[in-house]
There are 2 protein chains.
Amino acid sequence: MKVHIIGIGLIGGSFALAMRAAFPETEIYGSDASEENLQKAKELKLIDQFSTTKELQDADVVFIAVPVNVATKVVSETLDKVGDQSLVLDAGSTKSGLCKAIANHKNRRNFLAAHPIAGTEFSGPQAAIPDLYRNKTNIICEVEKTAFRLQERALNIFQNLGMRIRYMDPVSHDRHIAYVSHLSHISSFMLGKTVLDKERNERDIFDLAGSGFESTVRLAKSSPAMWSPIFEENKENVLETLNEYINNLTHFKELIENEDFQEVYNEMQRTNHIKSILNGIN
Amino acid sequence: MKVHIIGIGLIGGSFALAMRAAFPETEIYGSDASEENLQKAKELKLIDQFSTTKELQDADVVFIAVPVNVATKVVSETLDKVGDQSLVLDAGSTKSGLCKAIANHKNRRNFLAAHPIAGTEFSGPQAAIPDLYRNKTNIICEVEKTAFRLQERALNIFQNLGMRIRYMDPVSHDRHIAYVSHLSHISSFMLGKTVLDKERNERDIFDLAGSGFESTVRLAKSSPAMWSPIFEENKENVLETLNEYINNLTHFKELIENEDFQEVYNEMQRTNHIKSILNGIN
């Protein structure tokens with residue numbers, strides 16, 4: 001199987017490693033906007049060779065893992081170049097704009113819009129890990145717009161990578177994912193900022209912070225180059241979640257100001273059953 | 001060594017397990033406001049027997065791990081009862097109010113105010129783990145107010161449990177800990193609330209949420225009975241952190257509203273170096 005990966009960082013690189021493990025005969029071609037990342041990916045043996053336009057014609061799979069603000073352009077140009085038998089997949093965290101933009105592309109049926117819910121707070125080819133996708137959810141949007149035989153190829157790949165599949169329309173995807181992913185990143189970045197602004201003497205943070213802080217602020221290590229475009233693409237939904245989050249925090253603050261600690265307790269108690277839901281994750 | 005533990009949940013129970021491992025000859029006496037917890041602690045062999053007032057006289061160590069709103073009363077009453085040779089420790093997350101309240105107690109020199117930065121999101125005696133304190137920081141306040149020989153006994157215990165010691169005045173402790181611990185809990189609880197309010201169909205959360213959400217919302221599993229009193233005790237500092245956090249979130253929201261994504265990027269970039277600080281934790 002000839003696999004091209006466009007954007008060979010954490011997401012693309014981990015896909016390369018997983019594909020090699022699941023399909024040992026796979027030849028992997030890579031390209032990246034950064035010459036340095038591309039060289040590193042070759043050194044790390046994530047890819048066998050550099051991808052060229054000519055070879056895209058013969059690709060069995062093209063996996064696109066680029067920041068969401070360039071995804072539409074890259075997907076569209078890739079669809080221009082691939083052959084009839086090529087499956088083009090993306091992995092972006094927003095789906096509405098992309099699906100809309102390529103809706104009328106003549107090769108739309110070669111494309112499958114996907115969002116594997118997988119990642120770490122690290123980035124770049126050196127962050128790639130072979131098991132990133134195992135036991136994770138992959139959200140597929142507008143599956144009916146993909147050619148049957150390419151749907152089948154994609155599902156076979158996802159199954160062999162150990163992923164769960166969920167189908168969803170792109171608008172619902174973007175709305176839900178704003179809550180369970182995009183908002184978490186903002187809450188974490190702003191928590192990090194609040195503490196850093198206060199604690200100029202960083203040694204103090206280090207010494208007093210426990211695993212709870214570490215866990216809550218972990219996502220503030222994420223790549224701004226990846227996340228700024230996501231907030232731009234999913235602006236309306238992100239603003240909605242952020243408004244609700246700020247309102248909830250403000251309400252909680254007022255309860256403390258008014259010394260209504262019974263209701264402070266109740267607020268936490270009502271949220272506490274998130275335990276049973278979270279136990280299902282991972 | 002005769003050790004009494006008042007409040008035999010996660011914190012007290014883990015102390016029991018750690019003491020048994022470090023000092024095999026230890027006899028452990030326990031008491032708890034909940035008869036059920038106390039029975040469970042006995043069944044789980046966290047404690048050897050129930051603690052009574054009479055035996056407190058002979059205690060070598062009394063470890064008090066109760067919600068901070070009752071800590072002052074419990075510490076004060078314990079100091080009334082213990083013998084000359086007894087060391088009384090607490091483990092609460094707020095220190096100013098307590099230290100002030102017992103400043104003039106006739107047995108003040110038997111007391112050492114401590115805050116081990118250790119915990120999990122679980123609670124109760126069944127949540128106790130033997131290594132909870134290993135490699136964690138223990139903040140000691142007003143060490144000079146404790147009798148020399150009891151300071152020495154306490155340090156010997158903390159060293160044998162594998163803890164790092166930091167000395168701090170109670171006012172600074174409460175201010176710093178509001179940032180690196182108390183605020184994280186509120187941000188996490190309110191994140192959980194925001195998502196739960198939106199996602200009535202809990203199955204959706206389960207399916208779409210990844211490890212990032214899980215990490216950020218983990219502290220929302222914490223015990224409201226423990227945390228509501230902490231927010232009450234540390235009200236002023238908590239309100240300050242919460243105000244700053246809400247301001248930072250509001251500013252970030254406005255940047256998105258104004259489509260200033262360069263500055264959205266910059267905001268995240270400036271916080272990103274938290275990586276290097278967090279790498280020091282754990």
Side-chain angles (χ1 to χ4, degrees), chain A residues 117 137 166 176-177 179-181 184 186-196 198-199 202 204-210 212-216 218-221 224 227-228 231-232 235 239 242 244-246 248-250 252-253 256 261 264-265 268-269 271-272 274-275 277-278 280-282, chain B residues 117 137 166 176-177 179-181 184 186-196 198-199 202 204-216 218-221 224 227-228 231-232 235 239 242 244-246 248-250 252-253 256 261 264-265 268-269 271-272 274-275 277-278 280-281:
Chain A
I117 311 287
T137 299
R166 295 289 179 270
H176 287 295
I177 216 72
Y179 281 89
V180 296
S181 167
S184 301
I186 298 178
S187 81
S188 200
F189 267 109
M190 290 303 103
L191 180 67
K193 177 184 162 72
T194 305
V195 177
L196 285 176
K198 192 68 183 186
E199 306 283 357
E202 295 174 3
D204 282 350
I205 300 181
F206 169 87
D207 275 355
L208 302 187
F213 178 67
E214 209 276 340
S215 168
T216 319
R218 177 167 76 86
L219 296 179
K221 302 181 196 172
W227 280 96
S228 180
F231 301 144
E232 183 168 2
K235 183 186 152 188
L239 285 176
L242 208 35
E244 288 169 20
Y245 185 50
I246 292 169
N248 284 328
L249 285 163
T250 305
F252 197 82
K253 189 189 79 167
I256 296 177
F261 292 102
V264 164
Y265 175 95
M268 292 191 281
Q269 188 61 45
T271 302
N272 231 210
I274 203 161
K275 277 180 206 178
I277 301 170
L278 289 174
I281 302 178
N282 290 330
Chain B
I117 310 288
T137 298
R166 295 289 178 270
H176 287 295
I177 216 72
Y179 280 89
V180 298
S181 168
S184 301
I186 298 178
S187 82
S188 200
F189 268 109
M190 290 303 103
L191 180 67
K193 177 185 161 73
T194 305
V195 176
L196 285 176
K198 192 67 182 187
E199 307 283 355
E202 295 174 2
D204 283 350
I205 301 182
F206 168 87
D207 275 355
L208 303 186
S211 58
F213 178 67
E214 209 274 342
S215 168
T216 319
R218 176 166 76 84
L219 297 179
K221 301 181 198 173
W227 282 95
S228 180
F231 301 143
E232 183 166 3
K235 182 184 154 189
L239 284 176
L242 206 37
E244 288 168 21
Y245 185 50
I246 291 170
N248 284 329
L249 285 163
T250 304
F252 197 82
K253 188 189 81 167
I256 297 178
F261 292 101
V264 164
Y265 175 94
M268 291 191 282
Q269 188 62 46
T271 301
N272 230 210
I274 202 160
K275 277 178 206 178
I277 302 169
L278 289 175
I281 304 179

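Sequence lines set the chain letters: A, B, ... in the order given, protein chains first and strands last, and positions in each chain run from 1. Given the structure is predicted, the values throughout are model-derived calculations rather than measurements.
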Let's test your reading of the structure: which of Leu242(B), Ile177(B), Asn272(B), Thr250(B) forms the most heavy-atom pairs below 4.5 Å with chain A?
Asn272(B)

Residue selection (most heavy-atom pairs with chain B, distance under 4.5 Å) from Ser187(A), Gly192(A), Ser188(A)
Ser187(A)

Identify the heavy atoms of Ser228(A) and Val264(B) that sit nearest to each other, and give their distance.
OG-CG1, 3.9 Å

Tell me, please, which residues at least two apart from Phe231(B) pass ring-ring contact (aromatic ring centres under 6.0 Å, His included).
Phe252(A), Trp227(B)

At what distance, to the nearest 0.5 angstrom, does CD1 of Ile274(A) lie from NZ of Lys193(B)?
12.0 Å

Chain B shares the most heavy-atom pairs under 4.5 Å, among Ile186(A), Ile117(A), Leu191(A), with Leu191(A)

When the 4.5 angstrom heavy-atom criterion is applied to Ser181(A) and chain B, the contacting part is neither

Results of side-chain contact (heavy atoms from CB on, under 4.5 Å) for Thr194(A) - residues two or more places apart only
Tyr179(B), Leu183(B), Glu244(B), Tyr245(B), Asn248(B)

Short question: side chain of Thr216(B), backbone of Gly212(B) - any donor-acceptor pair under 3.5 Å?
yes

Under 4.5 Å from a heavy atom of chain A, the part of Leu219(B) involved:
side chain

